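Below: the structure, in structure tokens.
So you know, we letter chains A, B, ... as the sequences are listed, proteins then strands, and number each from 1. The shown structure was predicted, so the numbers you read here are calculated from the model rather than taken from an experiment.
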Amino acid sequence: MLSYTIRRVGQLIPVLLGMVFIVFMMIRAIPGNPAQLILGQQASKQAIEELTKQLGLTEPWYTQFVEYMKGLFQGDLGMSLKTRNPISDELWPHLAATIELAFVAMIIAVIIGVNAGIISAWLQNSWFDYGVMLIALIGISMPIFWFGLMEQYFVSIQLDLLPTTGREDVRAPIEAITNLYLLDTLIQGNFSQFIEVVKHLILPGIALGTIPMAIIARMTRSSMLEVMKSDYIRTARAKGLKMPLVVYKHSLKNAMIPVVTVIGLQAGLLLGGAILTETIFGWPGIGTYIYDAISSRDYPVIQSGILVIATLFVFINLIVDLLYAAIDPRIKY
Amino acid sequence: MSSPVLNVHRLKTAFATDDGEVTVVNDIDFHVNAGEVLGIVGESGCGKSVTSLSVMGLLPANGKVHGDIVFKGENLARASDQKMRSIRGNEIAMIFQEPMTSLNPVFTIGSQLIEALKIHKKMSKKQAQQLAIAKLKEVGLPRAEELMKDFPHQLSGGMRQRVMIAMAMMCSPQLLIADEPTTALDVTIQAQILELMTKLNSETDTAIMMITHDLGVVAEMCQRVVVMYAGKIVEEADVVSLFKNPKHPYTVGLIRSVPDMRGKKERLYSIPGNVPKPGSIQTGCQFAPRCEHAMERCFQETPELTSLAEAQKVRCWLYVESKGEGAVDRTIS
Ligand SMILES: Nc1ncnc2c1ncn2[C@@H]1O[C@H](COP(=O)(O)OP(=O)(O)OP(=O)(O)O)[C@@H](O)[C@H]1O
Ligand code: SF4
Ligand SMILES: [Mg+2]
């Protein structure tokens with residue numbers, strides 16, 4: 001397992017390099033002068049030349065790439081054209097906000113989705129099963145923006161239970177350490193602020209988690225049904241094991257093999273696809289950050305945002321592969 | 001004569017299907033004496049596996065059992081789930097046809113072996129492991145200690161079937177149901193497995209219900225034989241009488257279709273026609289369409305299982321006096 005892990009991590013290096021290269025070339029592939037494009041038609045010649053220089057576009061592309069890689073190794077993602085701040089300083093708080101939200105959404109999706117799928121399969125063709133499958137179907141087809149607005153309208157406005165937007169109570173701002181507020185408030189031992197953070201996470205977490213939850217529930221159910229028909233489940237029952245043990249031990253571990261892939265895929269999609277939820281709930285996440293950058297044609301920021309999300313995707317894939325190997329002893333190391 | 005450990009009386013098993021209720025096992029009576037090996041033979045689809053799953057209480061959800069299955073004074077056909085669980089894997093154990101898929105791929109051999117001991121005998125993990133190692137040695141597996149930590153995919157088919165046998169013998173059951181345990185194995189391994197089962201049967205007081213379509217297996221292992229055709233028992237006899245003096249035309253056909261059974265080198269005989277599909281049961285003798293001896297009566301009236309001399313029973317009009325109820329003995333070929 002250890003050598004497999006090391007080898008699998010080693011395989012990441014070319015993948016990451018290739019990814020950086022593609023992202024790097026993307027901005028150069030824009031026809032015409034990017035500086036012109038960024039500044040617009042009315043820009044003065046001098047301004048364009050200045051920006052061209054600042055972007056390093058006067059150098060040959062391989063020199064630029066080497067410079068870019070050097071920067072990356074030092075954690076330097078370049079400068080935002082709009083704010084003139086180092087991107088690395090701006091990006092992390094947004095990324096942390098998205099990671100925290102996606103994490104909560106995935107926790108909700110996995111816990112509820114997997115369990116609903118298991119019980120549905122166990123009680124196949126029962127009312128519980130029909131109910132779960134109907135809710136899952138609705139969950140998959142429901143537009144997030146509509147669902148998010150409904151949540152805000154009923155839970156926040158009508159019932160006044162939870163806040164509508166933001167990450168924290170603006171009257172008592174959180175002192176950021178890691179920018180993962182759940183962690184920060186715990187480190188600071190500030191329990192009331194922790195509760196406040198949790199409250200802010202619930203509605204967007206549910207909005208973002210619903211589709212993955214529905215997909216995971218359906219996948220778990222069909223995988224469980226497949227496994228429960230198998231010979232080794234009959235063997236387990238022939239031993240006199242109780243159904244809960246047959247279901248949660250003998251079936252679940254096998255059934256999780258395909259489900260893990262789906263969970264990984266959904267987690268990746270959440271990171272990139274949180275923008276709708278972030279917009280509705282005023283969440284200062286990476287989606288909002290990139291969206292703003294696109295609006296103001298802040299190319300270095302767009303480039304860095306894409307790079308960071310793609311990197312996370314690759315790492316989620318790595319985790320999925322490692323989980324696979326941990327669950328299934330047949331995987332050749 | 002020893003007393004029966006299992007007594008099946010008027011067992012009828014039906015499945016609810018899309019085409020209505022299909023009776024697969026129709027009114028069968030048989031018993032297994034303590035310590036003996038009973039063979040159940042018949043062509044594919046005649047209901048052998050369904051009979052064994054009925055005894056184990058492991059029928060799929062659409063199956064239903066009528067009649068009595070009396071095991072040590074307890075009617076299993078009407079026993080509670082909890083009672084069935086306490087018997088399964090403890091007093092009645094089962095091994096299956098497919099050793100390749102009957103073990104759970106994601107758990108070690110050891111953990112699968114000790115499960116039954118932990119639940120039925122309330123043994124500690126350590127004790128159970130020691131006993132499991134002893135059983136593995138008993139079924140002729142080398143390096144038993146290491147095998148405990150192996151996963152099923154690391155073993156050959158023959159080894160896996162030995163593991164299945166060890167697993168079934170863990171709690172020293174009074175009855176072992178073996179559903180075609182050698183069909184999926186190649187010939188030399190088949191012989192070894194049969195030898196092993198014969199040895200276990202003589203060394204312990206475990207009775208074996210040996211399900212097979214192979215008369216060679218019957219000749220090698222069994223003391224008594226039940227012949228099934230289309231969900232009914234057509235003949236019951238001790239093994240010597242069955243081979244020396246088969247009564248039912250179906251039994252005669254089965255014996256004639258065994259290669260080299262009589263040393264003659266003629267073209268291999270096969271019974272003409274096919275097994276009727278369950279649900280397409282016609283009136284009269286089910287075998288009539290394929291029987292060389294069929295008479296008019298055979299298509300109209302269903303023969304009963306009739307006792308001939310020496311505990312041989314047969315279900316055929318040839319052995320019933322045309323007017324009275326008495327049985328006539330004769331020899332057919
Ligand atoms: N769940 C089920 N629903 C409907 N019919 C079934 C079901 N299980 C088995 N049957 C039918 O019962 C009949 C007997 O099946 P069974 O498996 O007992 O045959 P068998 O004698 O064991 O044959 P084989 O030698 O092939 O194992 C088959 O025709 C099968 O189609
Ligand atoms: S009852 Fe008739 S058809 Fe059936 S086996 Fe006997 S002779 Fe053949
Ligand atoms: Mg069978």
Measure distances from B:M170 to the heavy atoms of chain A and classify the residue's part below 4.5 Å as side chain, backbone, both or neither.
->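 Neither part.
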
Residues of residues 52-65 of chain B near chain A, each having a heavy atom less than 4.5 Å away | B:L53, B:M56, B:G57, B:L58

In residues 99-106 of chain B, which residues are in contact with chain A at a heavy-atom separation under 4.5 Å?
-> B:T101, B:S102, B:L103, B:N104, B:P105, B:V106

A:T235 versus B:F96: any side-chain heavy-atom pair under 4.5 Å?
->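 Side chain of A:T235 against side chain of B:F96, heavy atoms only: contact under 4.5 Å found.
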
Cut-off 3.5 Å, side chains only: do A:H250 and B:E115 have a donor facing an acceptor?
->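 Yes, side-chain donor-acceptor contact under 3.5 Å.
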
Within a reach of under 6.0 Å around CZ of B:R143, are more than 12 heavy atoms found that belong to other residues, nucleotides or ligands?
->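 Atom CZ in B:R143 is crowded, with more than 12 foreign heavy atoms closer than 6.0 Å.
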
Within a reach of under 6.0 Å around CG of B:D186, are more than 12 heavy atoms found that belong to other residues, nucleotides or ligands?
->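 Buried by this count: over 12 neighbours within 6.0 Å.
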
Is A:R330 positioned over the aromatic face of B:F151, cation under 6.0 angstrom from the ring centre and no more than 45 degrees off axis?
-> no

Is it the backbone or the side chain of A:K229 that comes under 4.5 Å from a heavy atom of chain B, or both, or neither?
->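 For A:K229, no heavy atom lies under 4.5 Å from chain B.
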
Given the options A:I327, A:V227, A:L245, A:L241, which has more heavy-atom pairs under 4.5 Å with chain B than any of the others?
->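 Most pairs with chain B among the choices: A:L241.
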
Please lay out, stage by stage, how A:K239 and B:Q112 fare under the test side chain to side chain contact (heavy atoms under 4.5 Å, CB included).
-> CA-CA 10 Å; A:K239 276 185 214 169; B:Q112 298 188 56; 3.8 Å; yes

